[in-house]
There are 2 protein chains.
Amino acid sequence: MASGQGRVLELAVLGSLHETPLHGYELRKRLNALLGMFRAFSYGSLYPCLKSLLEQGLIAEEHPTAVTGRSKIVYKLTAEGKERLQELLTQAGPSAWEDESFGVHFAFFRHTEAEVRLRILEGRRSRLEERLDGVRTALARTRERLDSYTLELQRHGLESVEREVRWLNELIATERRASQEPAKDMSSDE
Amino acid sequence: MASGQGRVLELAVLGSLHETPLHGYELRKRLNALLGMFRAFSYGSLYPCLKSLLEQGLIAEEHPTAVTGRSKIVYKLTAEGKERLQELLTQAGPSAWEDESFGVHFAFFRHTEAEVRLRILEGRRSRLEERLDGVRTALARTRERLDSYTLELQRHGLESVEREVRWLNELIATERRASQEPAKDMSSDE
DNA sequence: AATTTCATGTAATTCGTTACATGATTCC
DNA sequence: GGAATCATGTAACGAATTACATGAAATT
(Lines give C-alpha, C1' and ligand atoms only; values in the text may rest on other atoms or scores of the structure.)
Protein backbone atom coordinates (compact mmCIF):
# COMPACT_ATOMS: atom_id res chain seq x y z
CA MET A 1 0.00 0.00 0.00
CA ALA A 2 0.99 3.57 -0.69
CA SER A 3 4.11 3.13 -2.73
CA GLY A 4 3.45 6.63 -3.96
CA GLN A 5 2.65 8.45 -7.16
CA GLY A 6 3.79 7.17 -10.52
CA ARG A 7 7.39 6.49 -11.36
CA VAL A 8 7.51 9.12 -14.06
CA LEU A 9 6.58 12.00 -11.81
CA GLU A 10 8.83 10.62 -9.10
CA LEU A 11 11.78 10.62 -11.48
CA ALA A 12 10.94 14.07 -12.74
CA VAL A 13 10.83 15.47 -9.20
CA LEU A 14 13.92 13.72 -7.89
CA GLY A 15 15.84 14.62 -11.02
CA SER A 16 14.91 18.28 -10.77
CA LEU A 17 15.70 18.44 -7.08
CA HIS A 18 19.07 16.89 -7.75
CA GLU A 19 20.08 20.05 -9.56
CA THR A 20 18.89 22.49 -6.94
CA PRO A 21 16.43 22.63 -4.04
CA LEU A 22 13.03 23.99 -5.01
CA HIS A 23 9.54 24.52 -3.68
CA GLY A 24 6.48 22.94 -5.28
CA TYR A 25 5.24 25.86 -7.31
CA GLU A 26 8.62 26.59 -8.83
CA LEU A 27 9.25 22.91 -9.41
CA ARG A 28 6.14 22.63 -11.51
CA LYS A 29 7.18 25.53 -13.68
CA ARG A 30 10.59 23.99 -14.19
CA LEU A 31 9.10 20.69 -15.19
CA ASN A 32 6.65 22.22 -17.58
CA ALA A 33 9.40 24.28 -19.15
CA LEU A 34 11.58 21.21 -19.46
CA LEU A 35 8.91 18.79 -20.64
CA GLY A 36 6.09 21.07 -21.74
CA MET A 37 6.30 19.83 -25.30
CA PHE A 38 5.51 16.30 -24.22
CA ARG A 39 3.48 16.49 -21.05
CA ALA A 40 2.43 18.82 -18.27
CA PHE A 41 1.98 18.01 -14.63
CA SER A 42 -0.62 19.69 -12.45
CA TYR A 43 -0.38 20.80 -8.84
CA GLY A 44 -2.92 18.17 -7.95
CA SER A 45 -0.40 15.47 -8.75
CA LEU A 46 2.75 17.31 -7.76
CA TYR A 47 1.93 18.12 -4.16
CA PRO A 48 0.76 14.61 -3.24
CA CYS A 49 3.93 13.33 -4.86
CA LEU A 50 6.09 15.64 -2.77
CA LYS A 51 4.21 14.54 0.32
CA SER A 52 4.80 10.91 -0.50
CA LEU A 53 8.49 11.45 -1.23
CA LEU A 54 8.83 13.30 2.05
CA GLU A 55 7.21 10.43 3.95
CA GLN A 56 9.57 8.01 2.27
CA GLY A 57 12.49 10.13 3.36
CA LEU A 58 13.66 10.68 -0.21
CA ILE A 59 13.38 14.42 0.09
CA ALA A 60 13.50 16.78 3.08
CA GLU A 61 12.41 20.32 3.79
CA GLU A 62 15.31 22.72 3.82
CA HIS A 63 15.59 24.23 7.27
CA PRO A 64 13.21 27.18 7.41
CA THR A 65 15.93 29.60 8.61
CA ALA A 66 14.28 29.80 12.01
CA VAL A 67 12.47 33.10 12.30
CA THR A 68 11.37 33.64 8.70
CA GLY A 69 7.64 33.10 8.38
CA ARG A 70 7.95 30.72 5.46
CA SER A 71 5.24 30.57 2.90
CA LYS A 72 7.46 28.51 0.69
CA ILE A 73 8.49 24.99 1.53
CA VAL A 74 11.77 24.26 -0.13
CA TYR A 75 12.64 20.62 -0.65
CA LYS A 76 16.02 19.07 -1.24
CA LEU A 77 17.19 15.55 -1.99
CA THR A 78 18.32 13.34 0.90
CA ALA A 79 21.01 10.68 0.63
CA GLU A 80 18.31 8.05 0.17
CA GLY A 81 16.73 10.23 -2.46
CA LYS A 82 19.96 10.32 -4.40
CA GLU A 83 20.20 6.55 -4.22
CA ARG A 84 16.63 6.20 -5.40
CA LEU A 85 17.30 8.61 -8.26
CA GLN A 86 20.29 6.58 -9.37
CA GLU A 87 18.14 3.48 -9.23
CA LEU A 88 15.51 5.08 -11.43
CA LEU A 89 18.10 6.45 -13.83
CA THR A 90 19.54 2.98 -14.28
CA GLN A 91 16.24 1.47 -15.41
CA ALA A 92 16.58 0.80 -19.11
CA GLY A 93 13.48 -1.36 -19.56
CA PRO A 94 10.12 -0.55 -21.16
CA SER A 95 9.39 1.98 -18.43
CA ALA A 96 11.99 4.20 -20.09
CA TRP A 97 10.84 3.68 -23.68
CA GLU A 98 7.21 4.62 -23.59
CA ASP A 99 5.85 7.89 -24.87
CA GLU A 100 4.98 9.20 -21.43
CA SER A 101 8.28 8.38 -19.80
CA PHE A 102 10.94 8.51 -22.51
CA GLY A 103 11.12 12.30 -22.51
CA VAL A 104 11.57 12.41 -18.76
CA HIS A 105 14.34 9.83 -18.82
CA PHE A 106 16.00 11.66 -21.68
CA ALA A 107 15.82 14.96 -19.85
CA PHE A 108 18.12 13.57 -17.16
CA PHE A 109 20.55 11.77 -19.46
CA ARG A 110 23.27 14.01 -18.14
CA HIS A 111 23.17 11.91 -14.96
CA THR A 112 22.69 8.57 -16.68
CA GLU A 113 25.46 6.10 -17.44
CA ALA A 114 26.52 5.99 -21.09
CA GLU A 115 25.62 2.32 -21.38
CA VAL A 116 22.14 2.84 -20.01
CA ARG A 117 21.59 5.83 -22.29
CA LEU A 118 22.37 3.68 -25.28
CA ARG A 119 20.01 0.92 -24.20
CA ILE A 120 17.20 3.38 -23.64
CA LEU A 121 17.68 4.99 -27.05
CA GLU A 122 17.75 1.58 -28.73
CA GLY A 123 14.74 0.39 -26.76
CA ARG A 124 12.81 3.47 -27.75
CA ARG A 125 13.79 2.97 -31.37
CA SER A 126 12.65 -0.63 -31.50
CA ARG A 127 9.42 0.30 -29.78
CA LEU A 128 8.75 2.83 -32.53
CA GLU A 129 9.77 0.39 -35.24
CA GLU A 130 7.34 -2.17 -33.87
CA ARG A 131 4.66 0.47 -34.06
CA LEU A 132 5.54 1.28 -37.67
CA ASP A 133 5.48 -2.41 -38.55
CA GLY A 134 2.15 -2.96 -36.86
CA VAL A 135 0.46 -0.08 -38.59
CA ARG A 136 2.01 -0.83 -41.98
CA THR A 137 0.93 -4.46 -42.03
CA ALA A 138 -2.49 -3.60 -40.64
CA LEU A 139 -2.72 -1.03 -43.40
CA ALA A 140 -1.76 -3.56 -46.06
CA ARG A 141 -4.29 -6.01 -44.61
CA THR A 142 -7.17 -3.55 -44.89
CA ARG A 143 -8.11 -3.80 -48.51
CA GLU A 144 -10.81 -1.18 -48.11
CA ARG A 145 -10.13 2.08 -49.79
CA LEU A 146 -9.64 4.72 -47.11
CA ASP A 147 -11.02 8.23 -47.33
CA SER A 148 -8.66 11.16 -47.76
CA TYR A 149 -8.78 12.19 -44.09
CA THR A 150 -7.84 8.77 -42.84
CA LEU A 151 -5.09 8.57 -45.40
CA GLU A 152 -3.77 11.97 -44.43
CA LEU A 153 -3.79 10.97 -40.76
CA GLN A 154 -1.88 7.79 -41.53
CA ARG A 155 0.60 9.63 -43.67
CA HIS A 156 1.29 12.29 -41.10
CA GLY A 157 1.49 9.76 -38.28
CA LEU A 158 3.92 7.52 -40.12
CA GLU A 159 6.05 10.46 -41.11
CA SER A 160 6.25 11.73 -37.55
CA VAL A 161 7.31 8.39 -36.18
CA GLU A 162 9.81 7.90 -38.99
CA ARG A 163 11.30 11.28 -38.16
CA GLU A 164 11.72 10.30 -34.54
CA VAL A 165 13.43 7.08 -35.60
CA ARG A 166 15.89 9.05 -37.71
CA TRP A 167 16.50 11.37 -34.78
CA LEU A 168 17.19 8.38 -32.54
CA ASN A 169 19.55 6.94 -35.15
CA GLU A 170 21.61 10.09 -35.05
CA LEU A 171 21.67 10.15 -31.27
CA ILE A 172 22.70 6.50 -31.12
CA ALA A 173 25.48 7.08 -33.63
CA THR A 174 26.72 10.03 -31.60
CA GLU A 175 26.66 8.01 -28.39
CA ARG A 176 28.61 5.18 -30.00
CA ARG A 177 31.21 7.54 -31.37
CA ALA A 178 31.59 9.24 -28.01
CA SER A 179 32.02 5.95 -26.13
CA GLN A 180 34.68 4.70 -28.53
CA GLU A 181 37.03 7.56 -27.97
CA PRO A 182 37.83 7.61 -24.26
CA ALA A 183 40.74 9.98 -24.88
CA LYS A 184 41.38 11.54 -28.21
CA ASP A 185 43.31 14.73 -28.35
CA MET A 186 46.68 14.08 -29.96
CA SER A 187 46.47 13.65 -33.68
CA SER A 188 48.19 10.34 -34.36
CA ASP A 189 47.30 10.15 -38.05
CA GLU A 190 48.07 12.67 -40.73
CA MET B 1 -23.38 7.07 -11.79
CA ALA B 2 -22.13 4.91 -14.61
CA SER B 3 -22.09 7.35 -17.49
CA GLY B 4 -19.73 4.92 -19.11
CA GLN B 5 -16.17 4.80 -20.39
CA GLY B 6 -14.40 7.89 -21.66
CA ARG B 7 -15.65 9.97 -24.52
CA VAL B 8 -12.68 9.22 -26.72
CA LEU B 9 -13.15 5.50 -26.73
CA GLU B 10 -16.89 5.95 -27.08
CA LEU B 11 -16.39 8.05 -30.20
CA ALA B 12 -13.87 5.61 -31.60
CA VAL B 13 -16.25 2.69 -31.14
CA LEU B 14 -19.38 4.40 -32.43
CA GLY B 15 -17.47 5.82 -35.37
CA SER B 16 -16.08 2.44 -36.34
CA LEU B 17 -19.41 0.72 -35.95
CA HIS B 18 -21.00 3.36 -38.15
CA GLU B 19 -19.02 1.98 -41.07
CA THR B 20 -19.80 -1.66 -40.52
CA PRO B 21 -20.92 -3.99 -37.71
CA LEU B 22 -18.06 -5.66 -35.89
CA HIS B 23 -17.29 -7.82 -32.90
CA GLY B 24 -14.99 -6.68 -30.11
CA TYR B 25 -11.81 -8.45 -31.13
CA GLU B 26 -11.98 -7.24 -34.71
CA LEU B 27 -12.98 -3.76 -33.60
CA ARG B 28 -9.85 -3.45 -31.54
CA LYS B 29 -7.67 -4.40 -34.47
CA ARG B 30 -9.40 -1.84 -36.65
CA LEU B 31 -8.90 0.88 -34.11
CA ASN B 32 -5.28 0.08 -33.57
CA ALA B 33 -4.69 0.03 -37.32
CA LEU B 34 -6.47 3.35 -37.67
CA LEU B 35 -4.97 5.08 -34.65
CA GLY B 36 -1.99 2.89 -33.80
CA MET B 37 0.43 5.73 -34.42
CA PHE B 38 -1.16 7.84 -31.72
CA ARG B 39 -2.71 5.49 -29.21
CA ALA B 40 -3.74 1.89 -28.66
CA PHE B 41 -6.74 0.59 -26.80
CA SER B 42 -6.69 -2.64 -24.86
CA TYR B 43 -9.41 -5.27 -24.49
CA GLY B 44 -9.69 -4.34 -20.88
CA SER B 45 -11.12 -0.98 -21.85
CA LEU B 46 -12.89 -2.00 -25.02
CA TYR B 47 -15.19 -4.70 -23.67
CA PRO B 48 -16.46 -2.67 -20.71
CA CYS B 49 -17.09 0.16 -23.15
CA LEU B 50 -19.13 -2.10 -25.43
CA LYS B 51 -21.06 -3.31 -22.43
CA SER B 52 -21.83 0.22 -21.37
CA LEU B 53 -22.87 1.28 -24.86
CA LEU B 54 -25.13 -1.75 -25.07
CA GLU B 55 -26.79 -0.87 -21.77
CA GLN B 56 -27.33 2.66 -23.02
CA GLY B 57 -28.97 1.29 -26.13
CA LEU B 58 -26.47 2.99 -28.44
CA ILE B 59 -25.39 -0.31 -29.95
CA ALA B 60 -27.14 -3.66 -30.31
CA GLU B 61 -26.07 -7.23 -30.94
CA GLU B 62 -26.76 -8.32 -34.48
CA HIS B 63 -29.22 -11.18 -34.40
CA PRO B 64 -27.24 -14.38 -33.89
CA THR B 65 -28.79 -16.09 -36.95
CA ALA B 66 -30.71 -18.45 -34.70
CA VAL B 67 -29.00 -21.84 -34.77
CA THR B 68 -25.38 -20.84 -35.23
CA GLY B 69 -23.50 -21.37 -31.98
CA ARG B 70 -22.02 -17.90 -31.95
CA SER B 71 -18.71 -17.33 -30.35
CA LYS B 72 -18.60 -13.87 -31.81
CA ILE B 73 -20.87 -11.10 -30.68
CA VAL B 74 -21.34 -8.68 -33.52
CA TYR B 75 -22.47 -5.19 -32.60
CA LYS B 76 -24.11 -2.59 -34.78
CA LEU B 77 -25.19 0.99 -34.24
CA THR B 78 -28.77 1.71 -33.22
CA ALA B 79 -30.71 4.82 -34.22
CA GLU B 80 -29.86 6.36 -30.83
CA GLY B 81 -26.26 5.41 -31.40
CA LYS B 82 -26.22 7.31 -34.66
CA GLU B 83 -27.67 10.35 -32.94
CA ARG B 84 -25.09 10.12 -30.20
CA LEU B 85 -22.33 9.79 -32.78
CA GLN B 86 -23.51 12.91 -34.56
CA GLU B 87 -23.55 14.70 -31.23
CA LEU B 88 -19.97 13.66 -30.52
CA LEU B 89 -18.85 14.56 -34.01
CA THR B 90 -20.27 18.06 -33.60
CA GLN B 91 -18.22 18.81 -30.50
CA ALA B 92 -15.57 21.31 -31.53
CA GLY B 93 -14.38 22.31 -28.07
CA PRO B 94 -11.18 21.38 -26.20
CA SER B 95 -12.25 17.76 -26.05
CA ALA B 96 -11.48 17.59 -29.77
CA TRP B 97 -8.14 19.44 -29.62
CA GLU B 98 -6.16 17.50 -27.10
CA ASP B 99 -3.44 15.06 -27.98
CA GLU B 100 -5.42 12.02 -26.89
CA SER B 101 -8.59 12.91 -28.71
CA PHE B 102 -7.64 14.98 -31.74
CA GLY B 103 -6.53 11.97 -33.77
CA VAL B 104 -9.78 10.14 -33.07
CA HIS B 105 -11.89 13.13 -34.08
CA PHE B 106 -9.79 13.60 -37.19
CA ALA B 107 -10.15 9.94 -38.15
CA PHE B 108 -13.90 10.46 -38.54
CA PHE B 109 -13.77 13.82 -40.30
CA ARG B 110 -15.48 12.18 -43.25
CA HIS B 111 -18.67 12.28 -41.18
CA THR B 112 -18.08 15.69 -39.65
CA GLU B 113 -19.58 18.93 -40.92
CA ALA B 114 -17.16 21.18 -42.81
CA GLU B 115 -17.63 24.02 -40.34
CA VAL B 116 -16.88 21.82 -37.35
CA ARG B 117 -13.83 20.36 -39.06
CA LEU B 118 -12.45 23.84 -39.51
CA ARG B 119 -13.04 24.80 -35.90
CA ILE B 120 -11.36 21.65 -34.65
CA LEU B 121 -8.31 22.20 -36.85
CA GLU B 122 -8.05 25.80 -35.72
CA GLY B 123 -8.55 24.85 -32.09
CA ARG B 124 -5.84 22.25 -32.33
CA ARG B 125 -3.53 24.76 -33.95
CA SER B 126 -3.99 27.38 -31.27
CA ARG B 127 -3.52 24.76 -28.58
CA LEU B 128 -0.17 23.87 -30.11
CA GLU B 129 0.79 27.50 -30.53
CA GLU B 130 0.05 28.13 -26.88
CA ARG B 131 2.33 25.26 -26.05
CA LEU B 132 5.10 26.66 -28.24
CA ASP B 133 4.71 30.06 -26.63
CA GLY B 134 4.79 28.64 -23.14
CA VAL B 135 7.91 26.62 -23.70
CA ARG B 136 9.68 29.40 -25.60
CA THR B 137 9.11 32.02 -22.94
CA ALA B 138 9.94 29.56 -20.17
CA LEU B 139 13.10 28.79 -22.06
CA ALA B 140 14.00 32.45 -22.39
CA ARG B 141 13.31 32.93 -18.68
CA THR B 142 15.73 30.18 -17.64
CA ARG B 143 19.06 31.87 -17.87
CA GLU B 144 20.85 28.71 -16.79
CA ARG B 145 22.90 27.07 -19.45
CA LEU B 146 21.27 23.78 -20.35
CA ASP B 147 23.22 20.62 -21.02
CA SER B 148 23.32 19.20 -24.53
CA TYR B 149 20.70 16.51 -23.87
CA THR B 150 18.16 18.96 -22.56
CA LEU B 151 18.85 21.26 -25.48
CA GLU B 152 18.46 18.44 -27.94
CA LEU B 153 15.18 17.41 -26.34
CA GLN B 154 13.89 20.97 -26.54
CA ARG B 155 14.99 21.33 -30.12
CA HIS B 156 13.39 18.10 -31.24
CA GLY B 157 10.21 18.83 -29.30
CA LEU B 158 9.84 22.31 -30.73
CA GLU B 159 10.52 21.09 -34.22
CA SER B 160 7.91 18.34 -33.96
CA VAL B 161 5.25 20.71 -32.75
CA GLU B 162 6.17 23.29 -35.39
CA ARG B 163 5.81 20.60 -38.03
CA GLU B 164 2.35 19.73 -36.82
CA VAL B 165 1.38 23.40 -36.94
CA ARG B 166 2.51 23.63 -40.55
CA TRP B 167 0.55 20.47 -41.33
CA LEU B 168 -2.54 22.01 -39.76
CA ASN B 169 -2.01 25.21 -41.74
CA GLU B 170 -2.10 23.24 -44.96
CA LEU B 171 -5.20 21.35 -43.92
CA ILE B 172 -6.96 24.54 -42.90
CA ALA B 173 -6.08 26.18 -46.20
CA THR B 174 -7.42 23.18 -48.08
CA GLU B 175 -10.63 23.19 -46.07
CA ARG B 176 -11.15 26.90 -46.74
CA ARG B 177 -10.56 26.50 -50.43
CA ALA B 178 -12.98 23.58 -50.59
CA SER B 179 -15.73 25.44 -48.74
CA GLN B 180 -15.45 28.49 -51.00
CA GLU B 181 -16.17 26.64 -54.19
CA PRO B 182 -19.58 25.02 -53.76
CA ALA B 183 -19.82 24.32 -57.51
CA LYS B 184 -16.98 24.92 -59.86
CA ASP B 185 -16.91 23.00 -63.07
CA MET B 186 -17.68 25.34 -65.98
CA SER B 187 -14.78 27.56 -66.83
CA SER B 188 -16.26 31.05 -66.82
CA ASP B 189 -12.95 32.88 -67.06
CA GLU B 190 -10.31 32.54 -69.71
C1' DA C 1 -3.10 -34.09 -29.76
C1' DA C 2 -0.97 -29.92 -28.95
C1' DT C 3 -0.28 -25.21 -29.80
C1' DT C 4 -1.53 -20.89 -31.41
C1' DT C 5 -4.65 -17.45 -32.25
C1' DC C 6 -9.29 -15.88 -31.73
C1' DA C 7 -12.60 -14.21 -28.54
C1' DT C 8 -14.77 -12.44 -24.29
C1' DG C 9 -14.79 -10.75 -19.99
C1' DT C 10 -13.74 -8.95 -14.75
C1' DA C 11 -11.15 -6.99 -10.60
C1' DA C 12 -7.70 -4.43 -8.96
C1' DT C 13 -4.64 -0.97 -9.84
C1' DT C 14 -2.23 3.01 -11.98
C1' DC C 15 -1.56 7.51 -12.84
C1' DG C 16 -3.12 11.39 -13.17
C1' DT C 17 -6.73 15.37 -13.59
C1' DT C 18 -10.43 18.85 -12.19
C1' DA C 19 -12.55 21.37 -9.03
C1' DC C 20 -12.42 23.16 -4.84
C1' DA C 21 -10.64 25.61 -0.68
C1' DT C 22 -7.40 28.64 1.43
C1' DG C 23 -4.21 32.07 2.30
C1' DA C 24 0.28 34.99 1.56
C1' DT C 25 2.67 38.35 -1.34
C1' DT C 26 3.43 41.64 -4.77
C1' DC C 27 2.03 45.01 -8.08
C1' DC C 28 -0.57 49.07 -9.35
C1' DG D 1 -6.67 48.62 -0.79
C1' DG D 2 -7.88 45.70 -4.85
C1' DA D 3 -6.19 42.62 -8.32
C1' DA D 4 -3.10 39.41 -9.92
C1' DT D 5 -0.23 35.77 -9.19
C1' DC D 6 2.27 33.01 -5.97
C1' DA D 7 1.78 29.08 -3.02
C1' DT D 8 -0.13 24.89 -0.86
C1' DG D 9 -3.16 21.43 -0.36
C1' DT D 10 -7.40 17.80 -0.59
C1' DA D 11 -11.44 14.96 -2.32
C1' DA D 12 -13.71 13.13 -5.93
C1' DC D 13 -13.36 11.49 -10.18
C1' DG D 14 -11.64 9.86 -14.93
C1' DA D 15 -9.94 6.93 -18.24
C1' DA D 16 -7.59 3.57 -19.19
C1' DT D 17 -4.25 -0.38 -18.10
C1' DT D 18 -2.51 -4.92 -16.33
C1' DA D 19 -3.21 -9.20 -14.83
C1' DC D 20 -6.12 -12.71 -14.53
C1' DA D 21 -9.56 -16.20 -15.95
C1' DT D 22 -11.92 -18.76 -19.39
C1' DG D 23 -12.97 -21.13 -23.39
C1' DA D 24 -13.79 -21.90 -28.68
C1' DA D 25 -11.64 -22.44 -33.31
C1' DA D 26 -8.08 -23.15 -36.39
C1' DT D 27 -3.47 -24.88 -37.52
C1' DT D 28 0.34 -28.07 -37.50
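Residue numbers begin at 1 in each chain, while the letters A, B, ... track the order of the sequences. Because the structure is a prediction, the values reported are computed rather than measured.
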Which whole-number value in Å describes the distance from B/Lys29 NZ to C/dT8 P? 11 Å
Report yes or no: is the cationic atom of B/Arg124 (NZ for Lys, CZ for Arg) closer than 6.0 Å to the six-membered ring centre of B/Phe102, at no more than 45° off its axis? yes
Among C/dA7, D/dT17, D/dA16, the one nearest any side-chain atom of B/Ser42 is D/dT17
From D/dT8, C/dA7, D/dT10, pick the nucleotide closest to the side chain of A/Tyr47? D/dT8
Mind calculating the distance between CG (B/Leu50) and P (D/dA15) to the nearest angstrom? 17 Å
Can you list, in residue-number order, the parts of residues 88-106 of chain A that come under 4.0 Å of DNA chain D, counting heavy atoms only? none
Atom CG of B/Leu54 and atom P of C/dT8 are separated, to the nearest Å, by 13 Å
The answer to which of B/Tyr43 and A/Gly44 contacts DNA chain C further toward the 5' end, by nearest nucleotide, is B/Tyr43
Length of the OH-C1' vector between A/Tyr25 and C/dT22, whole Å: 15 Å
Any salt bridge linking A/Glu80 with A/Arg84? Criterion: basic side-chain nitrogen under 4.0 Å from a carboxylate oxygen. no
Could you check A/Glu26 against A/Lys72 for salt bridge (Lys or Arg N to Asp or Glu O under 4.0 Å), going step by step and ending with a plain yes or no? CA-CA 10 Å; A/Glu26 177 76 17; A/Lys72 293 178 189 179; over 6 Å; no
Whole-Å gap separating C1' (D/dA15) and CG (B/Leu11): 15 Å
From C/dT18, D/dT10, D/dA16, pick the nucleotide closest to the side chain of A/Pro48? D/dT10
Heavy-atom closest pair, residues A/Arg127 and A/Pro94: NH2-CB, 4.3 Å
Residue met sooner reading DNA chain C from 5', once B/His23 and B/Ser45 are mapped to nucleotides: B/His23
Among D/dC6, D/dT17, C/dG9, the one nearest any side-chain atom of B/Ile73 is C/dG9
Presence of salt bridge, A/Glu98 and A/Arg7, under 4.0 angstrom: no
In this structure, how many angstroms lie between the C1' atom of D/dA16 and the CD atom of B/Glu10, rounded? 15 Å
C/dA7 phosphate, OP1 or OP2, under 4.0 Å from B/Arg28 side-chain N/O: no
Using atom CZ of B/Arg7 as one end and atom P of D/dG14 as the other, report the distance to the nearest whole Å. 8 Å
Taking the six-membered ring of A/Phe41, is NZ or CZ of A/Arg28 closer than 6.0 Å to its centre and within 45° of its axis? no
Whole-Å distance between D/dG9 P and A/Lys72 NZ? 14 Å
So, B/Phe106 versus B/Trp167, ring centres under 6.0 angstrom or not? yes
